[in-house]
Amino acid sequence: MLNPFLLHPLIQVVGAILGAYALWLGAARFQDRRTGRTPPRFAWKRHVAAGKAAVILWLTGIAVAVFLLAVVYGVRPGPMPHIVVGFLAIPVALAVLFTGAKLNGGGVEASRRAAWAAAHGLVALLLCAMVVFQAVSGAIIIFA
């Protein structure tokens, strides 16, 4: 039988793969916009779907980890770097969802669209950096 605690890293890994794909699509869009060449058609729907799925999976993975620690194992999460960064990732993930929803929903004035896109890209990049840290620290926890 699968150890229930392996559910958390499995969810996070799938989210990381989708997040890397969304980041790659977004980085290609950023590069095309900044080089002055005519950009190829932006895979906007794929970027939105992959990014949204990744962030929702990451938030779900955090909730699963907290549930497993607290309810299944009876452990209160302590101030380990992995746990602290995981909790700090929650508002960053929500900021990614919020800025993405504003850009996707068309509620941004044309004059401010570049600023919203830059903010979205920066918080998404920060979230991906946090995910890389979480992957490394999580592997240390699992395999140590």
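Counting from 1, the numbers follow the sequence of the chain as shown. Side-chain atoms are counted along with the backbone in the values below, which use heavy atoms only and exclude waters and symmetry mates.
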Looking only at heavy atoms, the pair that brings Cys128 and Gly19 closest together is SG-O, 4.4 Å

Atom pair [atom1] ([X]) and [atom2] ([Y]), whose distance is rounded to the nearest 0.5 Å:
X      : Y      : atom1 : atom2 : result
Asn104 : Thr99  : CG    : OG1   : 11.0 Å
His82  : Ile141 : NE2   : CD1   : 4.5 Å
Met130 : Ile90  : CE    : CD1   : 9.5 Å
Ile83  : Gln134 : CD1   : CD    : 9.5 Å

Please lay out, stage by stage, how Leu127 and Trp58 fare under the test side-chain contact (heavy atoms from CB on, under 4.5 Å). CA-CA 10 Å; Leu127 182 60; Trp58 287 330; 3.5 Å; yes

Report the relative orientation of the aromatic rings in Phe42 and His47; use parallel for angles under 30°, tilted for 30 to 60°, perpendicular for over 60°. tilted

Taking the side chain as everything from C-beta on, heavy atoms only, tell me whether Arg29 gets closer than 4.5 Å to Trp44. no

Applying side-chain contact (heavy atoms from CB on, under 4.5 Å), can you list everything that pairs with Ile56, at least two apart in sequence or on another chain?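 Partners of Ile56 by the side-chain contact (heavy atoms from CB on, under 4.5 Å) criterion, ordered by chain and then number, come out as Lys52, Thr60.
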
Which residues pass the side-chain contact (heavy atoms from CB on, under 4.5 Å) test with Val75, sequence neighbours left out? Leu69, Tyr73

[Y] reachable from [X] in the ILVMFWY side-chain graph, under 4.5 Å edges:
X      : Y      : answer
Phe30  : Trp24  : no
Leu103 : Leu125 : no
Val85  : Phe87  : yes
Val55  : Leu94  : yes
Ile17  : Leu6   : no

With Gln12 as partner, the option from Val131, Ile62, Leu57, Val64 fulfilling side-chain contact (heavy atoms from CB on, under 4.5 Å) is Ile62

